Structure formats: structure tokens, C-alpha cells
Engineer: 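One structure, as C-alpha cells, below. Some questions next.
Treat the numbers as computed from the prediction; the structure is a model and nothing was measured. In what follows, chains are A, B, ... by sequence order, proteins preceding strands, each numbered from 1.
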2 protein chains.
Amino acid sequence: MRKVDRQRLLRNLIQTHEIERQEDFVKLLQAEQIEVTQATISRDIKEMQLVKVPNADEGYHYSLPLEKKLDVKEKLRRTLRDAYVTHNQQDYFVVIKAHPGNAPAIASLLDQLQSEDIFGTIGGDDTVLIICKSEEQAKQLRVFIEDLLK
Amino acid sequence: MRKVDRQRLLRNLIQTHEIERQEDFVKLLQAEQIEVTQATISRDIKEMQLVKVPNADEGYHYSLPLEKKLDVKEKLRRTLRDAYVTHNQQDYFVVIKAHPGNAPAIASLLDQLQSEDIFGTIGGDDTVLIICKSEEQAKQLRVFIEDLLK
DNA sequence: GTTGAATACTAATTCAAA
DNA sequence: TTTGAATTAGTATTCAAC
């Protein structure tokens, strides 16, 4: 496996798992038949500028770099401002309706940004369906979106 | 020295110095006659949710947490939206005029967020004078403010 | 609740190898 | 240039004290 591929995988793992230690990466990769050592992960993390963030309550987790996230949020704000039509939340779903063609971009930006709350997104042409991990997190996401639109 | 005061100091240090290791904090505090150990700094970092970020080129530095930065920017946006009157940039200065009483909050938020460009801020009651490190950075700050107001 | 000293743990780097 | 094994450097936690 190539370095770039491994790093893409790391990016995915970080979004789908709570990674507390570099060894967690090693184990998750092992589960996919990819053998690497902690040393390699450390180098990847440096290269990708991942950071280990203290959780609000306790423990730590690895996360995407700050600047990237700031940029993503700004981009999302602008996209929504230009393309937003309506949104809605029910149970652990949030639906955003946008002008035709804009849904995939919005889905992608949400994926990049809010990954802790979001289980997955499905983008049509003008509609994004966001499946959250809980109703609570769906509410948070709704508030987050409303905040962006303010 | 109280914990809160020390942590406020850490917040300042992080903005004015390139902190690579927790021991750097210890030494900088020592220089101000404050004796703490690395263990305490580690606890502070966890509590304040500071993160160690890989630099683009090489090395690492401690930084404010992503969420905090996002929040600060958001807060600044709202404060400006509510309280903004005019702004102006000349040489390496930027002046923001706001409704009476709002300048200190704006100054503080700017300090927290954009510290790389900003040498210092002086807040009156309705005016913030921001001294940047160069004219170039003053221009960047102006653009940043205009972006926030869009 | 807060801290330092010692320690355990985790991450970064060195060094050799391919 | 990329990697693993071993090592060093750095960070988090424990434990005792206050």
C-alpha cells in the first residue's frame, strides 16, 4: 500500500472512529490487513498535520488540522448563503434543501467538518439528507446550520 | 499565583511565542518568577484543550483549540455585526469604530484570534486601535474584517 | 481542589535497511 | 524515499502532600 493511500485511509478513520492513540491507527489498519508501525503513523500524522485534541470531558482524540476546518466552515457558510433553500430536522435526520446542483458540495463540506455528530450524508441534486448519530446530535447540527445562516 | 491566572498567561504566551514543548511553558513562566512543573502544564493544556500542531515545514507548536477559534471568530462576527460603525486601515494600523462600550470586547476577541498578524490592540470605549506587525498584515486584517461583515 | 516528584505511557526520531 | 526496530524525547497520570 502506498503512503498516499494509507493517509487517505487515516483521514477516513479519523472521521469514523474515536482515535485516542497512534496505536489505535495501527490496530485499525491491521484489521484491514495493512501492517504499519507506530513510527510510520507518527510520520503520517506530522505530514498530514493531524492534532491530538483533549476532549471536553476526558481523554484525547486525533483530529483534522485546525486551519482546514476553519476553511471548510467558511466555505460551507458561503455555499449555504448562496444556495440554501430550506432545512428541517426530525429524529436523527437533518435535511437541507438547496438550489439544484449544490447538494453534493454541501454534503461533502458537512462530512469534512462535523464528522463527530454525523453518521453519514446522502446528497441528491438539490437535497442533502444527513443521518446523525443521535437525535441530540441532529439538533446540534440544526443549530449549527442555523448559526451559519444568521 | 492562581490557576486561572496562570492559564490566562499560557493563553498569552501561546500567542506571542512559538511553544514547541511543555517545558517551554515552564521556562517562560520561570522567567516571570512563576514556578510550575511540566505536570501542571500538562494538566492546564488538557483543561484548556490546547493542541500540539505539526508545523507546515518542521517541528510542532502549541495552539488554541479549534473549537475555541471557531467560537471566537463566530463571536467576533456577531459582535461586529451588532456593534460595528466603521473601520479604516492606514500603514500598519487598523481602526475599528463601534457603538459605545463595545470596543474592549472587540479588542479582546481580535487578540484571541488573529494574533499572528497583530502586535497589540488598544481599546477605548467605542474605538479599537490595532497595531499590526506590518502594513501587509494590516491589509490582511482589514480584509479579514470585511469578510466577517459580508 | 491543586500541585510536584516520580513514573508510566505515548509520540518522535535515529539509524539501518531496502 | 519509505519503513520498522529500537531508542529517546515528550506528555499524561499516579500518588502523596497540601
Side-chain angles (χ1 to χ4, degrees), chain A residues 1-69 115-116, chain B residues 1-69:
Chain A
M1 155 159 284
R2 289 230 186 78
K3 191 170 77 163
V4 283
D5 296 322
R6 185 183 60 237
Q7 293 192 353
R8 185 168 330 120
L9 241 166
L10 293 188
R11 233 181 289 277
N12 290 347
L13 287 176
I14 226 176
Q15 317 239 16
T16 50
H17 298 72
E18 177 91 357
I19 314 272
E20 300 186 324
R21 294 182 299 281
Q22 298 186 355
E23 290 290 354
D24 293 343
F25 278 122
V26 175
K27 282 181 189 153
L28 286 166
L29 290 178
Q30 252 172 1
E32 312 212 27
Q33 326 297 343
I34 300 159
E35 295 293 329
V36 280
T37 59
Q38 174 266 324
T40 298
I41 298 297
S42 173
R43 293 185 192 106
D44 284 339
I45 282 172
K46 181 168 188 176
E47 204 171 315
M48 301 167 69
Q49 294 184 271
L50 303 185
V51 294
K52 192 178 159 189
V53 190
N55 297 330
D57 48 339
E58 78 165 12
Y60 300 79
H61 69 277
Y62 277 95
S63 164
L64 293 177
L66 315 185
E67 288 72 17
K68 292 264 157 52
K69 280 205 175 183
S115 51
E116 292 84 27
Chain B
M1 154 157 284
R2 290 230 184 79
K3 190 172 79 164
V4 283
D5 297 321
R6 185 184 60 239
Q7 294 192 352
R8 186 168 329 120
L9 243 165
L10 293 188
R11 235 180 288 276
N12 289 346
L13 287 175
I14 226 177
Q15 321 240 10
T16 50
H17 298 71
E18 177 91 357
I19 314 270
E20 300 187 322
R21 294 183 298 283
Q22 298 185 356
E23 289 291 352
D24 293 342
F25 278 122
V26 174
K27 282 181 189 154
L28 285 167
L29 289 177
Q30 253 172 0
E32 311 211 29
Q33 326 298 341
I34 300 158
E35 295 293 329
V36 280
T37 58
Q38 174 266 325
T40 297
I41 298 295
S42 172
R43 292 184 193 107
D44 284 339
I45 283 172
K46 182 168 186 175
E47 203 171 317
M48 301 166 68
Q49 293 184 272
L50 304 185
V51 294
K52 191 176 160 192
V53 190
N55 295 331
D57 48 339
E58 79 164 12
Y60 298 80
H61 70 276
Y62 277 94
S63 163
L64 291 178
L66 160 66
E67 286 74 16
K68 290 270 153 51
K69 280 204 179 182

Engineer: Does any residue of residues 36-47 of chain A have a heavy atom under 4.0 Å from DNA chain D, and if so, which ones, in number order?
Structural biologist: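 The answer is A:Val36, A:Thr37, A:Ala39, A:Thr40, A:Arg43.
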Engineer: Rounded off to whole Å, could you give me the CE-to-P distance for the A:Met48 and C:dA12 pair?
Structural biologist: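 Going from A:Met48 (CE) to C:dA12 (P), I get 14 Å.
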Engineer: Is any side-chain heavy atom of B:Met1 closer than 4.5 Å to one of B:Val36?
Structural biologist: no
Engineer: Under 4.0 Å between a side-chain N/O of B:Tyr60 and OP1 or OP2 of C:dA11, yes or no?
Structural biologist: no
Engineer: With sequence neighbours left out, what residues match A:Arg43 under salt bridge (charged side-chain N to carboxylate O under 4.0 Å, His left out)?
Structural biologist: none
Engineer: Figure out the CG/P separation between A:Leu50 and C:dA12, and round it to whole Å.
Structural biologist: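 Atom-to-atom, A:Leu50 to C:dA12, this comes out as 10 Å.
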Engineer: Please name all residues satisfying side chain to side chain donor-acceptor pair (under 3.5 Å) with A:Glu23, sequence neighbours left out, ordered by chain then number.
Structural biologist: none
Engineer: Taking 5' to 3' order, which nucleotide of DNA chain D is first and which is last to have an atom within less than 4.0 Å of a heavy atom in chain A?
Structural biologist: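 It runs D:dT2 to D:dT13.
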Engineer: Does C:dA11 have OP1 or OP2 under 4.0 Å away from a side-chain N or O of A:Lys52?
Structural biologist: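 Yes, because at least one side-chain N or O of A:Lys52 sits under 4.0 Å from OP1 or OP2 of C:dA11.
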Engineer: Applying side chain to side chain donor-acceptor pair (under 3.5 Å), can you list everything that pairs with B:Glu20, at least two apart in sequence or on another chain?
Structural biologist: none
Engineer: Can you list everything that forms a side chain to side chain donor-acceptor pair (under 3.5 Å) with B:Lys46? Sequence neighbours excluded, please.
Structural biologist: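 Here no residue qualifies.
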Engineer: Whole Å only: how far is the CG atom of A:Asp24 from the P atom of C:dC9?
Structural biologist: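 From A:Asp24 CG to C:dC9 P: 15 Å.
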Engineer: Residues two or more places apart in sequence or in another chain: which of them pass salt bridge (charged side-chain N to carboxylate O under 4.0 Å, His left out) with B:Arg11?
Structural biologist: none
Engineer: Bend across the helix from C:dG1-D:dC18 to C:dA18-D:dT1, to 10°, with axes taken over 5 pairs at each end?
Structural biologist: 30°
Engineer: Looking at every strand, decide which applies to B:Arg6 at a 4.0 Å heavy-atom threshold: base, sugar-phosphate, or nothing.
Structural biologist: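 B:Arg6: backbone/sugar contact only, no base atoms under 4.0 Å.
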Engineer: Suppose we screen for side chain to side chain donor-acceptor pair (under 3.5 Å). Which residues come up paired with A:Asn12, at least two apart in sequence or across chains?
Structural biologist: none
Engineer: Round to the nearest Å and state the distance from B:Glu35 atom CD to C:dA5 atom C1'.
Structural biologist: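 In whole Å, C:dA5 C1' lies 15 Å from B:Glu35 CD.
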Engineer: Could you state the CD1-P distance from B:Ile34 to C:dG4, rounded to the nearest angstrom?
Structural biologist: 12 Å
Engineer: Listing request: all salt bridge (Lys or Arg N to Asp or Glu O under 4.0 Å) pairs with a residue in residues 24-42 of chain B, at least two apart in sequence or in separate chains.
Structural biologist: B:Arg21-B:Asp24
Engineer: In whole Å, I'd like the distance from the CE atom of B:Met1 to the C1' atom of C:dG1.
Structural biologist: 18 Å
Engineer: Only counting residues at least two apart or in another chain, list the ones meeting side-chain contact (heavy atoms from CB on, under 4.5 Å) with A:Leu28.
Structural biologist: A:Leu13, A:His17, A:Ile19
Engineer: Does any non-hydrogen side-chain atom of B:Asp44 lie less than 4.5 Å from one of B:Lys3?
Structural biologist: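 Sidechains of B:Asp44 and B:Lys3: in contact.
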Engineer: Is A:Phe25 touching bases, backbone alone, or none of the nucleic acid, heavy atoms closer than 4.0 Å?
Structural biologist: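 No contact at all - A:Phe25 keeps every heavy atom at 4.0 Å or more from the nucleic acid.
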Engineer: What residues, two or more places apart in sequence or in another chain, satisfy salt bridge (charged side-chain N to carboxylate O under 4.0 Å, His left out) together with B:Arg8?
Structural biologist: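 For B:Arg8 the salt bridge (charged side-chain N to carboxylate O under 4.0 Å, His left out) partners, ignoring immediate neighbours, are B:Asp5.
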